[in-house]
Number of protein chains: 2
Amino acid sequence: MTRTPLADVACSIARATDLFSDAWTALIMRDVLTGIGRFDELARDLGISRKVLTARLSRLVEEGVLARERYQERPPRERYIATEKGRELYPVLLALMNWGDRWYAGETGPPARIHHLTCDRDTTMVAACAHCGERLTADNTTQLPGPGGRTGPGTEVIGPLIASRAAQQTPDANASNNPPSGPRPPGR
Amino acid sequence: MTRTPLADVACSIARATDLFSDAWTALIMRDVLTGIGRFDELARDLGISRKVLTARLSRLVEEGVLARERYQERPPRERYIATEKGRELYPVLLALMNWGDRWYAGETGPPARIHHLTCDRDTTMVAACAHCGERLTADNTTQLPGPGGRTGPGTEVIGPLIASRAAQQTPDANASNNPPSGPRPPGR
DNA sequence: CTGATAAGTTCCCTTAAGGAACTCGATGCG
DNA sequence: CGCATCGAGTTCCTTAAGGGAACTTATCAG
């Protein structure tokens, strides 16, 4: 099938989906972050083909999203746990869950709820601005080129488009307000 | 290939990924929400097979995520625009983008940045608790069963697991704090 | 010794993704 | 008037990824 590789596209969504967009990958992460880490449990919970599960788990370990850990020596037993990189996928899952709850829960209501231990309430995720805390929506934000942007496969049209937006801003409007991002690990 | 259908699983992540987990679907939504709506533009920007693009767009229109709109009569020309349901996928894209920025941006930095028009700053998304505004992480939250929860394919193991957690809470700990969710549209 | 459990592998078959060419209606242009 | 062009798909062929089910290997319980 030679699926188009997306890891090299100059777009973080493309890079993230290249690994993550697989339906199984999302559900595997859901399970692992919820505490289901054994191969057989995952296979049984998801009803996934064992062959595909093997492939997904290998990929996730290669990418450093999961780690394979021996949790018992005799008999030797392994389990998969999320690394920091894996745990940071949680907002993606929360965002997906929220959307699914809102548009597909139907009459019976959502299948699960999230309990925030810190404030001891059932809650939902809000996409908040890291600066002002207000809600971020497609309407109150715009996309501008970043330092790693370029035009190429996957950004053939969108690259020039957002570049033209930047040109319409006052020249150094953003000279001194970089986005607050955590320490960035070395990319691959 | 008979891909396992995930729409019927009692899990909002499964339901959401069933539609959304396709890599192309995410990138199509990125483009449409950024203002790229024409068939040829999408095909060219993404480098996607036109056949697959047709299939994805049809699916997205069927699901009510996109709408096909005639933007010019003579000659007749159509374009795709996001519905409310589609615009609400934005947090999912932001979460994916964030994660991709953090783990795959490398030396050159992220390919794009998000400008928050309301506070006029470049920003990133934070997954915030709808109640207290604090950051939600895999570590400070727990999953509990919701009204629509059940054990079945896709939740064979995880269903009973989170149900057992609920049993360990004080009986009516959450009797009066339902999650704040917007008006829920009728499911399908 | 038999059976069960965990964690994968192997094999075959179907189907979806890629790629490239082709269609079809409506202009635009010389 | 005739030809090229553009937008928006459709068709055809090949390849490879997913599903299903059986098989393997290692370890322990009874």
Side-chain angles (χ1 to χ4, degrees), chain A residues 1-9 14 17-19 21-28 31-32 36-62 66-81 153-154 156-157, chain B residues 1-9 14 17-19 21-28 31-32 36-62 66-81 153-154 156-157:
Chain A
M1 211 179 322
T2 323
R3 190 183 190 103
T4 310
L6 296 173
D8 296 332
V9 174
T17 53
D18 181 58
L19 168 66
S21 79
D22 180 82
W24 291 131
T25 305
L27 294 180
I28 289 168
D31 277 17
V32 172
I36 297 180
R38 295 214 328 271
F39 186 92
D40 266 38
E41 280 180 329
L42 288 166
R44 193 157 66 84
D45 191 50
L46 301 175
I48 186 179
S49 144
R50 305 171 77 79
K51 183 182 70 168
V52 176
L53 179 57
T54 303
R56 290 294 168 282
L57 289 173
S58 308
R59 175 94 196 277
L60 289 167
V61 169
E62 258 175 50
L66 296 183
R68 194 160 174 272
E69 178 203 54
R70 173 159 298 186
Y71 68 94
Q72 156 181 319
E73 282 300 331
R74 308 184 49 79
R77 292 284 180 263
E78 326 283 341
R79 107 180 104 188
Y80 294 88
I81 52 172
E156 208 69 65
V157 176
Chain B
M1 210 179 324
T2 325
R3 190 182 192 104
T4 311
L6 295 173
D8 296 331
V9 173
T17 53
D18 181 57
L19 168 66
S21 80
D22 180 83
W24 291 131
T25 305
L27 294 180
I28 289 169
D31 277 17
V32 172
I36 297 180
R38 295 215 325 274
F39 187 92
D40 266 38
E41 280 180 328
L42 288 168
R44 194 157 65 85
D45 191 49
L46 300 176
I48 187 178
S49 143
R50 304 171 77 78
K51 184 183 68 166
V52 175
L53 179 57
T54 304
R56 290 294 170 282
L57 289 172
S58 310
R59 175 93 197 277
L60 289 167
V61 169
E62 258 176 50
L66 296 183
R68 193 159 174 274
E69 178 203 54
R70 173 158 299 187
Y71 67 94
Q72 154 181 317
E73 283 299 334
R74 309 184 50 78
R77 293 283 181 261
E78 326 282 344
R79 104 181 107 187
Y80 293 89
I81 52 172
E156 207 69 66
V157 177

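Just so it is clear, the model here is predicted, and its values are computed rather than measured. Letters go in sequence order (proteins before strands), and every chain restarts at 1.
For D:dG18, its base sits under 3.5 Å from the side chain of A:K51 at one donor and acceptor pair at least. Residue A:R50 places a side-chain atom within donor-acceptor reach of the base of C:dG8, judged by atom type and a 3.5 Å distance cut-off alone. If you check distances only, the side chain of B:R77 never reaches the base of D:dG7 with a donor-acceptor pair under 3.5 Å.
Regarding B:F39, its CZ atom lies at a distance of 6 Å from the P atom of D:dG9, rounded to whole Å. Per the geometry, CD1 belonging to B:I48 stands 13 Å off C1' belonging to C:dG19, to the nearest Å. Counting to the nearest Å, the C1' atom of D:dG7 and the CZ atom of B:R44 are 13 Å from each other. Look at CG on A:L66: it is 14 Å from P on C:dA7, rounded to the nearest Å. Atom P of nucleotide D:dA17 and atom CZ of A:R59 are separated by 12 Å, given to the nearest angstrom. The CD atom of A:E78 sits 14 Å away from the C1' atom of C:dT5 (whole-angstrom rounding). Straight-line distance from the CG atom of B:D40 to the P atom of D:dT10: 13 Å, rounded to whole Å. Look at CD1 on B:I28: it is 12 Å from P on D:dG9, rounded to the nearest Å.
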After noting the C-alpha distance and the side-chain angles of A:R79 and A:D40, does the key distance pass the salt bridge (charged side-chain N to carboxylate O under 4.0 Å, His left out) rule? CA-CA 10 Å; A:R79 107 180 104 188; A:D40 266 38; over 6 Å; no

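A sub-4.0 Å separation between OP1 or OP2 of C:dA6 and a side-chain N or O of A:Y80 is absent. At least one side-chain nitrogen or oxygen of A:T4 sits closer than 4.0 Å to the OP1 or OP2 atom of C:dG18. A:W24 has a side-chain polar atom (N or O) that falls below the 4.0 Å cut-off from OP1 or OP2 of D:dG19.
Distance OG1/A:T17 to CG/B:L27: 4.5 Å, rounded to 0.5 Å. Atom CD of B:E69 and atom CZ of B:R77 lie 14.5 Å apart (nearest 0.5 Å). For the atom pair CZ of A:F39 and CG of A:L57, the computed distance is 6.5 Å after rounding to the nearest 0.5 Å.
DNA chain C forms stems at C:1-30 with D:1-30, each a run of 3 or more consecutive Watson-Crick or G-U wobble pairs whose two key distances fall under 3.5 Å.
Within 4.0 Å of A:R56, counting heavy atoms only, lie sugar-phosphate atoms of the nucleic acid but no base atom. B:R68 comes within contact range of the sugar-phosphate backbone alone, with a heavy-atom separation under 4.0 Å but no base atom that close. Residue-level contact check: B:R70 touches neither bases nor backbone, having no heavy atom under 4.0 Å from any strand.
Between the side chain of B:D45 and the backbone N or O of A:E156 there is at least one donor-acceptor pair closer than 3.5 Å.
With D:dG19, C:dT9, D:dG7 as the choices, the nucleotide that has an atom nearest any side-chain atom of A:S49 turns out to be D:dG19.
Contact check on A:D18 versus A:R59 returns a salt bridge, with a Lys/Arg side-chain nitrogen under 4.0 Å from an Asp/Glu carboxylate oxygen. A salt bridge links A:E78 to A:R70: one of the charged nitrogens lies within less than 4.0 Å of a carboxylate oxygen.
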